[in-house]
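In this text, all values refer to a predicted model and were calculated from it rather than measured experimentally.
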Amino acid sequence: MPVYYCEEAHIGERLDVFLAHCGLMSRSALVRLLQNGNVLVNGKPAAKNYRLSRGDEITVNIPPPTPAEVRGEDIPLDILYEDEHLLVINKPRGLVVHPGAGNPSGTLVNALINHCGDSLSGIGGVMRPGIVHRLDKDTSGLMLAAKSNAAHNALSAALQRREIERVYICVVRGKPHPQSGTVEAPLGRHPANRLRMAVTASGRYARTFYRTLETEPGRSLVECTLDTGRTHQIRAHMAHIGHPIIGDVLYGGGTGSDGWNTQMLQAYKLGFTHPVSGVKMRFETDVIFM
């Protein structure tokens, strides 16, 4: 049960902002705790917008993980690394990460439950046990999954602090200019199409670094590195600068070429510090559309 005290530098700061800076867990997990009354200030449940005063005692009650109700399914997993704390998985294109509307089964979570059994972290909730970060259904590549709750908390906090390296490769329409650069544009839900994200002043801060690796008539091979990790970030940012990903129909990339009819986007590099051993780990997978 973590306990913190408000010092001079944090007087007047919002409670949720203060807790996010503590690096305890992801912001979304903290919001759930606040909404459920599991964060106490001076012994009483507090709202996320509570402004801290000198000497406030902040207690965070972390409830035990909810047992996963999703059933395991015998779905093959391409596991690049595994120990008692975590897994690194190479997710295939077309596999949904977790159950949801329209996808009650046949997901990566079903496969993880089957593989890990009771050792899978429950912090992600009933529908997302073990999931530290997501990839879209039609994005292939490297993902982290947590097997212990301690590892899940540490990895989520590292993700929040932008300490996990996530590098993608994609094929986009046209030739980006400049060939390398930064897209720094806030992302929120598209006002007319709720399936899409859009650059909007009211959106959340988002930043993507990109560099062009190869070009040929009509398309370019581009490497994108995430600084933040918003929903559809690379897809929305590349479309925003006029170079949508080939095969990404939702963002104007049209159909693929050379037989590829799904979005040509792959998470091909992943780097992080092991949350228990402290060893720096880095993985890279072959690019499947080269």
Tell me, with the steps shown, if Arg54 and Glu7 meet salt bridge (charged side-chain N to carboxylate O under 4.0 Å, His left out).
CA-CA 6 Å; Arg54 187 196 310 272; Glu7 299 179 352; over 6 Å; no

Any chance you could lay out the side-chain contact (heavy atoms from CB on, under 4.5 Å) test for Ile169 and Leu213, step after step, and finish with the verdict?
CA-CA 9 Å; Ile169 198 162; Leu213 304 179; 3.7 Å; yes

Applying side-chain contact (heavy atoms from CB on, under 4.5 Å) to Met238 and Cys224, what does each step give before you reach the verdict?
CA-CA 9 Å; Met238 295 311 293; Cys224 294; 3.9 Å; yes

So Glu165 and Lys269, salt bridge (charged side-chain N to carboxylate O under 4.0 Å, His left out) or not? Walk me through it.
CA-CA 8 Å; Glu165 178 192 24; Lys269 292 181 182 179; over 6 Å; no

Checking Gln263 against Asp138 for the side-chain contact (heavy atoms from CB on, under 4.5 Å) test, could you report, in this order, the C-alpha distance in whole Å, the side-chain angles of both residues, the deciding distance, and whether it holds?
CA-CA 6 Å; Gln263 63 192 31; Asp138 290 323; 3.7 Å; yes

With side-chain contact (heavy atoms from CB on, under 4.5 Å) as the test, would you mind laying out the steps for Asn114 and Ile75 before giving the verdict?
CA-CA 8 Å; Asn114 180 72; Ile75 300 170; over 6 Å; no

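A side-chain N or O of Asp56 and one of Asn42 form a donor-acceptor pair less than 3.5 Å apart. Between Asn90 and Asp78, the side chains place a donor N or O and an acceptor N or O closer than 3.5 Å (distance only, hydrogens not considered). Between the side chains of Gln233 and Thr208, at least one donor-acceptor pair of N or O atoms lies under 3.5 Å. For the residue pair Tyr205/Glu184, the side-chain donor-acceptor check at 3.5 Å is satisfied. Of the N and O atoms on the side chains of Thr107 and Asn110, at least one donor lies less than 3.5 Å from an acceptor on the other residue. Under 3.5 Å, the side chains of Glu13 and His10 contain a donor-acceptor pair of N or O atoms.
A salt bridge between Arg207 and Asp227 is present, with a side-chain N of the basic residue lying under 4.0 Å from a carboxylate O of the acidic one.
The shortest distance between side-chain heavy atoms of Asp16 and Phe18 does not fall below 4.5 Å. Side-chain contact between Val167 and Leu226 is absent, with no heavy atoms from C-beta onward closer than 4.5 Å. The closest side-chain heavy-atom distance from Leu87 to Leu144 is not below 4.5 Å. Looking only at side-chain heavy atoms (C-beta outward), Cys170 and Met264 stay at 4.5 Å or farther from each other. Looking at Pro129 and Val70, their side chains never come closer than 4.5 Å, going by heavy atoms from C-beta outward. Proximity of Ser220 to Lys175: side-chain heavy atoms (C-beta onward) are separated by under 4.5 Å at one or more points. Using a 4.5 Å heavy-atom cutoff, the side chains of Val172 and Pro244 are not in contact.
Across all non-hydrogen atoms, the minimal contact from Gly141 to Leu135 is O-CD1, 3.7 Å. Contact between Leu52 and Cys6 at its shortest, heavy atoms only, is CB-SG, 3.7 Å. The heavy-atom pair separating Val132 from Leu159 by the smallest distance is O-CD2, 3.7 Å. Minimum heavy-atom separation, Gly278 to Thr273: O-CG2, 3.5 Å. Between Leu142 and Phe283, the closest heavy-atom pair is CD1-O, 3.6 Å. In this structure, Pro176 and Val222 approach most closely via the heavy-atom pair CG-CG2, 4.0 Å.
Not counting sequence neighbours, the partners of Arg235 by the salt bridge (charged side-chain N to carboxylate O under 4.0 Å, His left out) test are Asp136, Asp248. Remark: Glu84 pairs with no residue by the salt bridge (charged side-chain N to carboxylate O under 4.0 Å, His left out) rule, at least two apart or across chains. His240 pairs by the ring-ring contact (aromatic ring centres under 6.0 Å, His included) definition with nothing, not counting sequence neighbours.
With Tyr251 as the fixed residue, the side-chain hydrogen bond (donor to acceptor under 3.5 Å, both in side chains) test singles out one of His237, His232, Arg196: His232.
Open room surrounds CG on Asp286; 12 or fewer heavy atoms of other groups in view lie less than 6.0 Å from it.
Between the side chain of Lys91 and the main chain of Lys137, a donor-acceptor pair closer than 3.5 Å is present.
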